[in-house]
Student: 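Take this structure first; my questions come after.
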Amino acid sequence: MNGQSDSIDIIEADSIIVEVIDKHTGEIFRRNLPVNYLETDNGIILSGEAMDGSPSQINFLSEAALTKINELLGKGPDSPRCNHE
């Protein structure tokens with residue numbers, strides 16, 4: 001990654017490109033999909049519409065987000081992260 005990409009906090013797009021390799025033929029297929037994309041330090045959110053037209057989202061949480069959630073639920077480490085006395 002170059003230095004410019006490292007400083008981006010939020011990445012957003014109104015569509016995504018999906019590229020797959022068929023497991024039977026080995027052929028590559030590429031599709032442009034009308035899916036909203038949002039990426040932050042907490043993970044990735046893909047949003048669009050379900051088959052019936054209702055809003056739909058898929059959330060992929062980052063390791064940092066999962067750690068925060070576990071700490072909020074009391075499932076984090078029993079010792080503090082900082083050595084404050």
Side-chain angles (χ1 to χ4, degrees):
M1 245 190 222
N2 62 32
Q4 184 179 6
S5 297
D6 291 341
S7 65
I8 297 175
D9 292 329
I10 297 175
I11 302 170
E12 294 183 88
D14 294 328
S15 66
I16 62 173
I17 297 171
V18 175
E19 186 173 277
V20 299
I21 301 172
D22 182 76
K23 68 179 182 180
H24 301 289
T25 65
E27 284 187 75
I28 297 175
F29 296 92
R30 188 177 182 150
R31 304 286 187 258
N32 189 344
L33 304 176
V35 173
N36 293 320
Y37 179 94
L38 174 63
E39 181 178 346
T40 66
D41 287 342
N42 291 325
I44 296 172
I45 299 172
L46 302 177
S47 56
E49 292 183 353
M51 295 291 284
D52 64 0
S54 62
S56 182
Q57 283 188 346
I58 299 174
N59 301 290
F60 299 95
L61 298 176
S62 68
E63 187 66 35
L66 290 172
T67 300
K68 289 177 193 174
I69 290 170
N70 283 330
E71 287 177 0
L72 288 171
L73 295 173
K75 298 179 182 175
D78 290 332
S79 58
R81 286 185 276 179
C82 301
N83 290 332
H84 292 232
E85 296 185 36

Student: Above 12 or not: heavy atoms from other molecules or residues under 6.0 Å from CG of D41?
Tutor: no
Student: As an exercise, state the distance from CD1 of I44 to CG of N42, rounded to the nearest 0.5 Å.
Tutor: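 With rounding to 0.5 Å, CD1 (I44) is 11.5 Å from CG (N42).
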Student: Just wondering, more than 12 heavy atoms not from E19 lying within 6.0 Å of its CD?
Tutor: yes
Student: Is there a path of hydrophobic side-chain contacts, each under 4.5 Å between heavy atoms, that joins L33 and L38?
Tutor: no
Student: If you group Ile, Leu, Val, Met, Phe, Trp and Tyr by side-chain heavy-atom gaps below 4.5 Å, do L61 and L72 land in one group?
Tutor: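 Not linked; separate clusters.
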Student: Looking at CD of E27 and CD1 of I21, how far apart are the two atoms once the value is rounded to the nearest 0.5 Å?
Tutor: 11.0 Å
Student: Check whether I58 and V20 end up in the same hydrophobic cluster, where Ile, Leu, Val, Met, Phe, Trp and Tyr are linked by side-chain heavy atoms less than 4.5 Å apart.
Tutor: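 Both belong to a single hydrophobic cluster.
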Student: Working to the nearest 0.5 Å, report the span between CG of N32 and CD1 of I17.
Tutor: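 Atom-to-atom, N32:CG and I17:CD1 are 5.0 Å apart.
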Student: Within a reach of under 6.0 Å around CG of D14, are more than 12 heavy atoms found that belong to other residues, nucleotides or ligands?
Tutor: no
Student: Same cluster or not: are V35 and I11 linked, directly or through other Ile, Leu, Val, Met, Phe, Trp or Tyr residues, by side-chain heavy atoms under 4.5 angstrom apart?
Tutor: yes
Student: Which heavy atom in S56 sits nearest to a heavy atom in A50, and how many Å separate them?
Tutor: CB-N, 4.0 Å
Student: Got a second to check how far I45's CD1 is from N59's CG, nearest 0.5 Å?
Tutor: 5.0 Å
